[in-house]
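Quick notes on the structure that follows.
The analysis underlying the following values was restricted to heavy atoms, covering all of them including side chains, and did not include hydrogens, waters or symmetry mates. Keep in mind that this is a model prediction, so the values were computed, not measured. Order of appearance sets the numbers: ligands from 1, and atoms from 1 within every ligand.
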Amino acid sequence: MPPRRTWWTFIALLIANYLVMRALFPDADAPVTVPYTVFKEQVAKGNVKAIYSQGVSIEGKFTTPVPWPPANGQAARDDTPLWRAPAASQPSQPAATFNTTLPAFVDEGLERFLIDHQVEISAVPIRTGSGWGTLLLGFGPALLIIGFYVWLYRRATQGGGLGGGMMGIGKSKARRYDQEVENRVTFAEVAGIDEAENELVEVVDFLKDPGKYTRLGGTAPKGVLLIGAPGTGKTLLARAVAGEAGVPFFSLSAAEFVEMIVGVGAARVRDLFKQARESAPAIIFIDEIDSIGRARGPTAIGGVGEQEQTLNQILTEMDGFSGREGIIVLAATNQPDVLDRALLRPGRFDRRVVVNLPDKNGRQAILRVHTRKVPLAADVDLSALALSTPGLSGADLKNLVNEAALLAARRERNQVHHKDFVDALEKIVLGPERPLLLSPEDRERIAYHESGHAVLALLVPGADPVHRVTIVPRGQALGVTYQRPQTDRYNYPEGYLRARIIGMLGGRAAEEVVYGTKTTGAESDIEQATQLARNMVTRWGMSDKLGMVQLAPRDNPYLGAAGAWAGSKPFSDQTAREIDAEVHGIIQQCHDEAKALLVQHRAALDQLVEALLARETLDEHEILQVTGLPPSQPLRNTPIAATD
Ligand code: ADP
Ligand code: ZN
């Protein structure tokens with residue numbers, strides 16, 4: 001590659017970088033545009049000492065910074081649904097330097113007004129601006145983009161990834177962490193995600209002695225998919241597996257595979273696997289696999305050819321393993337549902353390990369790990385800290401410790417105090433990223449909601465046993481009650497369906513019983529319950545009034561329920577009204593029953609809430625212990641009546 005082009009690339013990158021940085025981090029002291037009326041208000045208050053006017057624009061400084069746009073604290077709070085994290089509002093920043101524009105009508109009194117308020121007025125001649133500068137500003141971005149494409153094109157067409165400066169494009173960018181004793185990561189550094197950790201012990205075992213599994217004809221694991229939110233420790237876990245087994249670790253982010261030049265991704269994969277094979281046993285870690293492993297949909301646009309090639313290369317490499325090489329591919333994703341089925345087939349990523357956000361005890365353990373090398377003052381209470389950080393991931397907690405340590409250093413302390421942690425937490429949580437610090441009232445309400453679901457699942461015969469209840473926010477949900485089916489069911493008795501609806505409505509019912517008011521938190525519960533009740537009436541013949549008539553099509557896996565009968569319904573309006581009434585009736589009955597049961601078992605409900613507030617997550621055993629209720633009852637067996 002001629003040096004001249006390298007220079008141009010360099011300069012183009014510099015400019016692009018500058019523009020991006022400007023967009024992302026606007027200058028702290030950049031003037032904030034305020035309305036003309038606000039400007040006059042501030043002058044009237046004596047908060048402006050001097051202004052510069054240029055044409056119709058006025059610039060100046062507020063003596064005391066004015067927050068702009070004004071924080072709309074109260075209003076935002078009231079119409080924010082309780083159960084959804086409030087949308088990050090536009091941050092209000094204190095305006096020290098402001099500008100404003102004179103309105104089109106002539107404000108004749110302005111000069112007098114300013115002079116009366118002792119504002120020093122300076123006029124600045126209107127800058128003509130260099131013609132070149134304006135031109136560049138106008139066309140710059142377009143030129144940059146064109147230049148970039150030209151550059152890409154030439155890069156791709158010259159030398160095919162081999163010649164001169166092109167060397168190394170096909171080489172994998174995989175970082176190799178050789179596991180020397182010093183910087184080796186072990187399970188001791190992973191905390192709070194024990195379930196995931198336990199599932200990977202077998203992988204460690206295999207890597208230590210690959211022959212052990214295959215000797216007796218068993219199949220060795222090849223690929224493990226780690227599923228979890230960002231920062232939950234997937235990468236850490238993968239490195240720890242390598243560390244525990246004492247094997248090298250190759251990591252690559254799938255997003256890095258995808259270059260614009262077709263064929264490079266596949267070449268990288270080939271190279272990565274080759275490197276790993278040479279130092280087997282080894283671990284290959286592919287981060288963000290969803291960025292190349294997306295299901296190939298009909299709406300795919302440019303760049304897919306490359307993704308597909310890269311993905312196919314990974315699959316080819318994995319299929320090529322005999323299992324004796326001792327190479328295991330770990331891949332991480334936070335959206336498993338978008339992955340191409342081909343990835344999940346046996347012999348590929350057929351093992352899935354879910355990495356959950358840590359609960360209270362988990363968070364405490366993670367804090368302990370990350371404070372090992374931090375001098376803590378005696379007043380630091382990690383347990384209290386863990387309690388007040390629901391929703392934070394391992395990476396967030398690590399960040400919290402780091403921020404607290406920085407803060408303590410800035411405060412010239414020799415130890416990190418509890419106050420440093422609290423302040424650091426505030427900074428992290430109240431930042432735009434995570435509006436998830438719940439008030440004690442909200443937490444209690446969520447606890448009642450989830451406890452309502454859980455208690456009813458125990459009380460109503462036929463309901464699926466409760467497996468876990470948590471008030472750790474997860475995705476959209478601020479709390480979750482997990483139930484697990486007792487057996488694989490292929491056929492659902494009516495009693496089971498009713499039990500489910502009662503359970504689904506239990507969250508809202510508990511809120512009503514305890515607070516007497518409603519919130520938006522039951523939206524998805526209501527949606528699911530309605531759907532189920534409607535199916536009972538229209539598809540499963542469970543309404544005496546309407547009988548066994550099919551009134552809705554089967555779910556069409558491609559078109560959804562609406563697909564088959566699109567638009568025209570094969571029944572009268574009268575029937576439609578009856579369906580609605582029946583669905584309504586089922587919901588009403590179940591809701592009444594849910595409330596009645598909760599009133600009757602209020603003590604169990606309160607006990608569960610108290611335990612949840614303290615511990616956040618309770619498992620099946622703990623729930624039974626706390627509530628004193630018997631385990632979920634199976635439906636009474638209805639003897640099969642002989643018919644003749
Ligand atoms: P992911 O790959 O899931 O996005 P990472 O493994 O990259 O998350 O996490 C980033 C950092 O956060 C880790 O290097 C580690 O220091 C810290 N961390 C995350 N989860 C945990 C955990 N469960 N225990 C200890 N540290 C953690
Ligand atoms: Zn609910």
Review point. Are Leu200 and Leu226 close enough, and set up right, to give a side-chain contact (heavy atoms from CB on, under 4.5 Å), and what steps lead you there?
Key: CA-CA 10 Å; Leu200 288 171; Leu226 302 173; 4.1 Å; yes

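- Of the candidates Ala229, Gly394, Pro358, the one placing a heavy atom closest to atom 18 (N) of ligand 1 is Gly394.
- Closest approach of Val190 and Ala240 over heavy atoms only: CG2-CB, 3.9 Å.
- In His370, the part holding a heavy atom less than 4.0 Å from any atom of ligand 1 is the side chain.
- With a heavy-atom cut-off of 4.0 Å, Thr232 touches ligand 1 through backbone and side chain alike.
- In this structure, His449 and His453 have perpendicular ring planes: the angle between them is above 60°, well past the 30° mark.
- For atom 13 (C) of ligand 1, the candidate residues are Leu236, Leu397, Leu226; the nearest heavy-atom contact is made by Leu236.
- The closest approach between Pro230 and ligand 1 falls below 4.0 Å for a heavy atom of the residue.
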Practice item. Give the intermediate values and the outcome of side-chain contact (heavy atoms from CB on, under 4.5 Å) for residues Val269 and Phe273. Key: CA-CA 6 Å; Val269 172; Phe273 278 80; 3.6 Å; yes

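- Put simply, part of Gly231 is less than 4.0 Å from ligand 1, judged by heavy atoms.
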Check your understanding: Passes side-chain contact (heavy atoms from CB on, under 4.5 Å), Ile193 versus Asn356? Steps please.
Key -> CA-CA 7 Å; Ile193 45 177; Asn356 280 319; 5.8 Å; no

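- The shortest contact between atom 8 (O) of ligand 1 and any protein heavy atom is with Gly233 N, 3.2 Å.
- The nearest heavy-atom contact from the protein to atom 10 (C) of ligand 1 is Ala395 CB, 3.8 Å.
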**Study point:** Derivation of the side-chain contact (heavy atoms from CB on, under 4.5 Å) call for Asp359 and Thr470
**Key:** CA-CA 8 Å; Asp359 63 6; Thr470 174; 5.6 Å; no

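- Of all the heavy atoms of Lys234, the ones lying under 4.0 Å from any atom of ligand 1 are found in both the backbone and the side chain.
- Angle NE2 (His453) to the Zn ion (ligand 2) to NE2 (His449): 100°, rounded to 10°.
- Counting only N and O atoms by type, the side chains of Gln313 and Arg268 include no donor and acceptor under 3.5 Å apart.
- Geometrically, ligand 1 and Thr235 share a nitrogen or oxygen pair separated by less than 3.5 Å.
- At least one heavy atom of Glu189 sits less than 4.0 Å from an atom of ligand 1.
- For residues 501-525, the ring pair (Phe, Tyr, Trp, His ring centres under 6.0 Å) pairs, not counting sequence neighbours, are Tyr448-Tyr515.
- The existence of a salt bridge linking Glu317 and Arg277 is confirmed by a sub-4.0 Å separation between a basic side-chain nitrogen and an acidic carboxylate oxygen.
- In this structure, Ala191 counts as a contact residue of ligand 1, since one of its heavy atoms falls inside 4.0 Å of the ligand.
- Which parts of ligand 1 touch Ile193 is read off a 4.0 Å heavy-atom cut-off, strictly below it: atoms 23 (N).
- Under the 4.0 Å criterion applied to side-chain N and carboxylate O atoms, Arg443 and Glu616 are assigned as salt-bridge partners.
- Taking the Zn ion (ligand 2) as reference, Asp525 places its N/O/S atom OD2 nearest.
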